[in-house]
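In what follows, every chain begins at residue 1, and chains take the letters A, B, ... in the order their sequences are listed.
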2 protein chains.
Amino acid sequence: MTRTPLSGVACSIARASDLFGDAWTALIMRDVLVGLRRFDELAQDLGLSRKVLAARLARLVEEGVLTRERYQDSPPREEYVATEKGREFYPVLLALMAWGDKWHAGPAGPPARIRHNACGHLATPVVACDACREPLTVADTTQLPGPGGRVGPGTQLLGPLIAARGEEVSEPVTAPDTVRSAPS
Amino acid sequence: MTRTPLSGVACSIARASDLFGDAWTALIMRDVLVGLRRFDELAQDLGLSRKVLAARLARLVEEGVLTRERYQDSPPREEYVATEKGREFYPVLLALMAWGDKWHAGPAGPPARIRHNACGHLATPVVACDACREPLTVADTTQLPGPGGRVGPGTQLLGPLIAARGEEVSEPVTAPDTVRSAPS
DNA sequence: CCGATGGGTTCCCTGAGGGAACTCACCGAT
DNA sequence: ATCGGTGAGTTCCCTCAGGGAACCCATCGG
């Protein structure tokens, strides 16, 4: 199927989906972030074919999300470790888990819990506004065009709609300085 | 490939990935949540084959994430609307978008911005602890086994690791009452 | 020398994804 | 009454990515 490449598309969700929009990749990241790092451990825990695991790991390393590191020399052994880019994917997994817990938990309740060590509570992750820390919902947010907007054909994901909104609300709102510049 | 079914696995991330672990589904949800609801609009905006779009939409309806509603009778026309389950997926998309913005934004910056209407700020979504509202990171959280834990073979995703942790910290922490029961 | 790890690679087979054409029901204009 | 257009899919064919399982190679422990 040659999986239409989404990496070129001007939408961060699309770019992220290009990598993680595959059932295994998210699960691999979860495992690695939680402490499973060796090839065989991953293969067994996930139950996916070793071929696909090798391919996914290679891709993740290539994308700078994981690194392959030697942890012993005598019989050479490698392990996969998350980079900062990889570690920062953890919140996305938490958001996904929270959704799954809420909408797909069996009668017994969620299969796993997250403890927030800083405050000691069992946490239900919420996606919040960095400015006011209130939860963000569809109803309470507006999508605006950003600086890296649509470029070229096949790229106008949401183009029309966002452009229309952009005219309605061309004034950049009260505090544009709140916006963080991406450190990348 | 018969895509190993993950729905039976005792892990909410796996269950959610079973649905959204496909490059298109997340993008379809984004479009629907943001206002594109008609078949052709979606097909054109996303640039995916109509066949796959039809399949994905059917799946999403079946899963109760979208509903198919008639918005006009004369020539019968249908549109896809997000249910509450679907609307609650929005935060996951925001988390994904924030990650993409940070790690994959081109030199021009992020392609889109989110305004939080309640506080008026352009928001950078953060995944926070519902109790203290501080951001959650891998380093500052611990995964514990939950009530709906591993059941049956092929299900022990993270089984060993989490079980081991469970012994280290068998005491359920300070405030177990903070835990919300899944409304499902 | 034997067998067991760890970490992959190779082979074959199926079926999901892409592309594009076809269908059907209705409408509005000529 | 026919022509063309639109929304919403369906059908067909073809290729290639995923699953399964076997194979490979280096190194160690006994």
Report task. Begin from the C-alpha positions of A:V92 and B:V127 and carry the test side-chain contact (heavy atoms from CB on, under 4.5 Å) through to its verdict. Result -> CA-CA 8 Å; A:V92 178; B:V127 178; over 6 Å; no
Query - Check against side-chain contact (heavy atoms from CB on, under 4.5 Å), B:W99 and A:L19 - result: CA-CA 12 Å; B:W99 187 87; A:L19 223 193; 4.1 Å; yes
**Report entry** Test side-chain contact (heavy atoms from CB on, under 4.5 Å) applied to A:C119 and B:E134, step by step
**Finding:** CA-CA 9 Å; A:C119 74; B:E134 286 303 306; over 6 Å; no
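Rounded to whole Å, the distance from CD on A:Q72 to C1' on D:dA26 is 12 Å. Between the CG atom of A:D22 and the C1' atom of C:dA16 there is a distance of 14 Å, given to the nearest Å. Regarding B:L53, its CG atom lies at a distance of 16 Å from the C1' atom of C:dA20, rounded to whole Å. Whole-Å rounding puts the B:R59 CZ to C:dG17 P distance at 11 Å. Between A:L27 atom CG and D:dG19 atom P there is a gap of 12 Å when expressed in whole angstrom units. If you take CG of A:L48 and P of C:dG7, they are 15 Å apart, rounded to a whole angstrom. As a whole-Å value, the separation of B:R56 CZ from C:dG18 C1' is 12 Å. Rounded to whole Å, the distance from CD on A:E69 to C1' on C:dG7 is 16 Å.
Dashed line: the shortest gap from a side-chain N or O of B:W24 to OP1 or OP2 of C:dG18 is under 4.0 Å.
Summarising the local packing, CD of B:Q44 is surrounded by 12 or fewer heavy atoms from other residues, nucleotides or ligands at distances under 6.0 Å.
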Provide a list of protein-nucleic acid N or O atom pairs under 3.5 angstrom, restricted to nucleotides 28-30 of chain C.
none

Requested in this report: Scan nucleotides 6-14 of chain D nucleotide by nucleotide, 5' to 3', and note B when protein non-hydrogen atoms come under 4.0 Å of the base, S if they reach only the sugar-phosphate, - if neither.
Outcome: BBBBBBBB-
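Sorted by first and then second residue, the side chain to side chain donor-acceptor pair (under 3.5 Å) pairs with a member in residues 89-98 of chain B read A:T141-B:Y90, A:Q143-B:Y90; sequence neighbours excluded.
Using a 4.5 Å cut-off on side-chain heavy atoms (C-beta onward), B:R56 and B:L27 make no contact.
The residues B:R59 and B:D18 are annotated as salt-bridged, a charged nitrogen and a carboxylate oxygen being separated by less than 4.0 angstrom.
Taking both residues in full, the closest heavy atoms of B:A82 and B:V32 are given as N-CG1, 4.0 Å, listed atom of the first, atom of the second, then distance. Minimum heavy-atom separation, A:T83 to A:T67: CG2-CG2, 3.7 Å.
Closest contact between the side chain of B:P75 and the listed nucleotides D:dG19, D:dT27, C:dC27 involves C:dC27.
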